[in-house]
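Here is the structure we will look at.
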Amino acid sequence: MAKIGRNAPCPCGSGKKYKKCCLAKEEEERRSRLEEQERRQLQAARQAEEDRDLFEDAPDEEEADEDFYDDDIDDLDQDEEEEEEDEERDETSEDSKPERRPRRKVPEESPRISKAEAEIVDKWWEEYRNMRGIEKIRQHLEDFLRDHPKLVPNLELHIEVLFELGADYVREGRHAEYIDLLLKMRSQFADSYLKSFGAYDRDIISYQIATGRKHEAVDFLNYFREYPGHDPDNLFRIIELMMANNCQEMVTDLVQDIYYEVCTCSGILGGDELIDILMVGYMAPFLKPDFTRADLEELASKLRTIRIPLKDEFYQPDFLGQHFERILTNRKGWTIGDCKTRSEIFNRYYQVSLSFMGFLHECKGKDWLAADFYRKMALRYLVYVVPEGKCPRETFVFTKNKIESTLAKTCSSYFFLHSTAVIVSLDSLYWFAEYLEESDSIPEERRTAIQTWCTELYHQVFPGLLRTEVSAKAFERFPL
C-alpha cells in the first residue's frame, strides 16, 4: 500500500489534509500494535525461561502420547491405578445401539399473523432500534407486553432484546430487576421465553443460589427436564454452578432424569460427563469411613441401573472399596520421584485428587458432588500446566503466571472466561495448597504463596465477571 503524504487529502473522505485528520490516530494505532507485539515477545521469552526451570523433556518412548491432553484427562476418572487393558465394546452390535425414541423439541417458528399485526411488530422494532437507556427500552417492552400480548412471540425477543437488556442490567448491578423481567416472561409469555429458556433459567437459578434461596431453584429445572437436548451448553453450566454450591440432591435428581437422553443425542458432545456426576451421586450415601461390604454390593447393584454401560470394574465391590479407600485415606508426602513417564505422573496426580476430594468433604464442608467437581478442577490444572512432551522437575508446579495462563486455557471458550469454572478453579487451588501442606507435600511458605496468588487473581478477574454474568454473584466470597 502506497504511503500517504502528510499534506495529501485524507483517504477517509473528510476533505481535510491527512495530517489534520487521521494521521495522528493511525500513528497511535501503529504504536499500540508495536507495543503489543513487544509485550507478547517479552511474555513469550519469560514463559520459555520459566518453562526451562520448571520442566524437562519427557522420555522418548512417550512422544506418541501427545493426545493425552484432549482425551485422557476425563478418562482418568474411570481408570484404575494400574494401567489395564480394557476390552473394547463392539460398536456395531445391536446391544450397543442407543434406544431410538422421539425427543421433544422447542417450537422454533413464530405464529402466523396478519399484515396489520406484522406492521405493529415492525413499528415496535423500528422504535427500539433508536432507543438508548434501560428505562426507555424496558418501558417500550412493557407497553408492548400490555397492549399486544398475542404478538409477543412474533417479537422474537429471544434473539436480541432480552439478552441486551439483561446484559445492561447486570453491568449496572441491577440483577433483581432483570430477574423480575425474566420471571414475568416465564410465567406470562412461555411460548416466547421457551426459545431461549436455557440462558434465562440459568440466570434465574444463579440469582437464587447467589441470594441464599437455592431451595427455590428446583422449581426452575422443569424445562431442562423436558428439553434436555435444546441447550446443552447452559444445561452443563447450570449443573456445574449447582455442584459448586452444594446442591447435591438437586443435581443428582436432575441428572438421573436426563442423562440417557443427553448421552444418546448425536448432536451433544460431552454428554458422558453426566454419567460421572450420576455415579458420584449414587456413591455419596455410601462414602463414609465405616462403609461395609454390604454397602459396596448395594452400590454396585445401583450402578447397574445406569442405562449407559460403565467399565466393568465399577460393578465390582472390591474395586469400589479400593476407590473409596483412595478418597477416604489421608495419605502423606505426595511425590512423583518414583514416576518414570508422563502417564505415571498424571496417574499420581489423579490419586492425589481423590485424596483431596476426601479433604474437601471432611474439612471444608463440601458435599460429595461439590468435592468431586473441585478436585477435578485441581486435577485439570495439574495436568494442563505441564507442556506437551515435558515432565515437571518438581512434584507440583505453581507460579502465579502458570496459574493465570493455565486457567485462561482451561476455563474459557471463544475468548470468554466462564465464571463458575474460573472461580471454582481458583477456590480449588487455594484449598489444594492447604491440603498439600497438611499432607506434608509442600512447606508452609509455599502454601502461603499459592493462596496469595489465587487471591490476587480472584480480585483481578472477579469484577469483570460480575459485570457480565449473573452466576458470578454466587462467588462473591473468596474462598467460597
Side-chain angles (χ1 to χ4, degrees), residues 169-179 202-218 220 236-251 353 356-381 398 400 403-404 406-408 410-412 416-438 444 447-480:
Y169 272 130
V170 172
R171 189 162 42 248
E172 294 189 9
R174 298 163 63 179
H175 298 77
E177 295 172 76
Y178 169 49
I179 300 303
R202 188 197 77 199
D203 284 347
I204 291 174
I205 295 169
S206 298
Y207 185 75
Q208 289 172 324
I209 290 175
T211 54
R213 295 179 293 155
K214 65 182 181 182
H215 60 284
E216 299 177 17
V218 69
F220 295 89
F236 294 153
R237 289 176 68 181
I238 199 59
I239 287 174
E240 288 183 346
L241 179 76
M242 291 191 297
M243 286 195 298
N245 286 275
N246 276 6
C247 300
Q248 179 173 285
E249 185 176 347
M250 284 169 50
V251 173
S353 77
F356 176 49
M357 178 179 172
F359 167 85
L360 289 169
H361 179 74
E362 180 181 355
C363 301
K364 301 303 171 186
K366 305 298 182 187
D367 65 38
W368 283 117
L369 270 184
D372 186 58
F373 182 37
Y374 278 70
R375 72 99 188 162
K376 281 183 177 178
M377 301 309 280
L379 174 61
R380 188 167 290 275
Y381 169 83
F398 285 102
K400 184 179 181 181
I403 295 173
E404 183 176 10
T406 303
L407 296 195
T410 60
C411 300
S412 62
F416 293 99
L417 286 175
H418 293 318
S419 60
T420 298
V422 70
I423 301 302
V424 167
S425 294
L426 288 171
D427 272 314
S428 180
L429 295 182
Y430 185 97
W431 295 126
F432 187 58
E434 181 178 328
Y435 163 78
L436 291 179
E437 182 193 8
E438 290 193 8
E444 178 184 1
R447 184 265 301 165
T448 301
I450 295 169
Q451 291 187 331
T452 299
W453 295 330
C454 289
T455 303
E456 290 173 352
L457 288 172
Y458 168 82
H459 289 297
Q460 178 180 320
V461 303
F462 183 72
L465 295 173
L466 191 60
R467 289 193 297 270
T468 57
E469 292 192 45
V470 177
S471 55
K473 279 189 67 65
F475 303 99
E476 290 185 299
R477 291 175 53 204
F478 185 85
L480 184 64

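Bear in mind that the values here come from a model prediction, so they are computed numbers and not experimental data.
- Of all heavy-atom pairs spanning Asp427 and Tyr374, the tightest one is CB-CE2, 3.7 Å.
- Looking at heavy atoms from C-beta onward, Val470 lies out of side-chain contact with Tyr169 at the 4.5 angstrom threshold.
- The number of heavy atoms from other shown groups lying within 6.0 Å of CZ (Arg174) is above 12.
- Between Ile209 and Ala474, the closest heavy-atom pair is CG2-CB, 4.3 Å.
- A salt bridge does not link Arg447 with Glu438: none of the charged nitrogens is closer than 4.0 Å to a carboxylate oxygen.
- Taking the side chain as every heavy atom from C-beta outward, Glu434 and Lys364 approach each other to under 4.5 Å.
- Atom NZ of Lys473 sits about 12.0 Å away from atom OG of Ser419, to the nearest 0.5 Å.
- Heavy atoms of other residues, nucleotides or ligands lying less than 6.0 angstrom from CD of Glu456 number more than 12.
- With rounding to the nearest 0.5 angstrom, the OG1 atom of Thr406 is 5.0 Å from the OH atom of Tyr381.
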I'd like to know whether Ile204 forms a side chain to side chain contact (heavy atoms under 4.5 Å, CB included) with Tyr207, so could you lay out the CA-CA distance, the side-chain angles of the two residues, the decisive distance to 0.1 Å, and finally the verdict. CA-CA 5 Å; Ile204 291 174; Tyr207 185 75; 5.9 Å; no
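- Under the 4.5 Å side-chain criterion, counting only non-hydrogen atoms from C-beta, Phe359 is not in contact with Arg375.
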Please report the C-alpha distance between Trp431 and Phe356 in whole Å, then the side-chain angles of each, then the deciding distance to 0.1 Å, and finally whether the side chain to side chain contact (heavy atoms under 4.5 Å, CB included) criterion is met. CA-CA 9 Å; Trp431 295 126; Phe356 176 49; 4.1 Å; yes
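- Atom-to-atom distance recorded for Arg202:CZ and Ile238:CD1 is 7.0 Å, nearest 0.5 angstrom.
- The structure places CZ of Phe432 at 11.0 Å from SG of Cys454, a figure rounded to the nearest 0.5 Å.
- Contact annotation: the side chain of Met377 approaches that of Ser425 to within less than 4.5 Å [non-hydrogen atoms, C-beta and beyond].
- The shortest side-chain heavy-atom distance between Tyr435 and Leu360 does not fall under the 4.5 Å cut-off.
- Looking only at distances, a side-chain donor or acceptor of Lys214 sits under 3.5 Å from a matching main-chain atom of Asn245.
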Test side chain to side chain contact (heavy atoms under 4.5 Å, CB included) applied to Tyr458 and Ile423, step by step: CA-CA 7 Å; Tyr458 168 82; Ile423 301 302; 3.7 Å; yes
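- In summary, of the residues considered (Leu426, Leu466, Val424, Val422), a side chain to side chain contact (heavy atoms under 4.5 Å, CB included) with Phe475 occurs for Val424 alone.
- Atom CD of Glu172 has more than 12 heavy atoms from other residues, nucleotides or ligands within 6.0 Å.
- With values rounded to the nearest 0.5 angstrom, Ile239 atom CD1 is found 10.0 Å from Ile205 atom CD1.
- A salt bridge links Glu469 to Arg237: at least one charged side-chain nitrogen sits closer than 4.0 Å to a carboxylate oxygen.
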Between Leu457 and Gln460, is the side chain to side chain contact (heavy atoms under 4.5 Å, CB included) condition met? List the steps. CA-CA 5 Å; Leu457 288 172; Gln460 178 180 320; 3.8 Å; yes
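- Scanning all heavy atoms of the two residues, the minimum distance from Asn246 to Ala370 falls at OD1-CB, 3.2 Å.
- Checked by atom type and distance alone, the side chain of Gln248 pairs as donor or acceptor with a backbone atom of Leu369 at under 3.5 Å.
- Side-chain contact between Arg467 and Val170: absent, with no pair of heavy atoms (C-beta onward) separated by less than 4.5 Å.
- His361 places a side-chain N or O within 3.5 Å of a backbone atom of Lys366 that can act as its donor or acceptor partner.
- Residues Ile403 and Leu429 approach most closely at CG2-CD1, 4.0 Å, considering heavy atoms.
- Aromatic pair Tyr430/Phe478: ring centres closer than 6.0 Å.
- Here CD of Glu404 is found 12.5 Å from CH2 of Trp453. Values are rounded to the nearest 0.5 Å.
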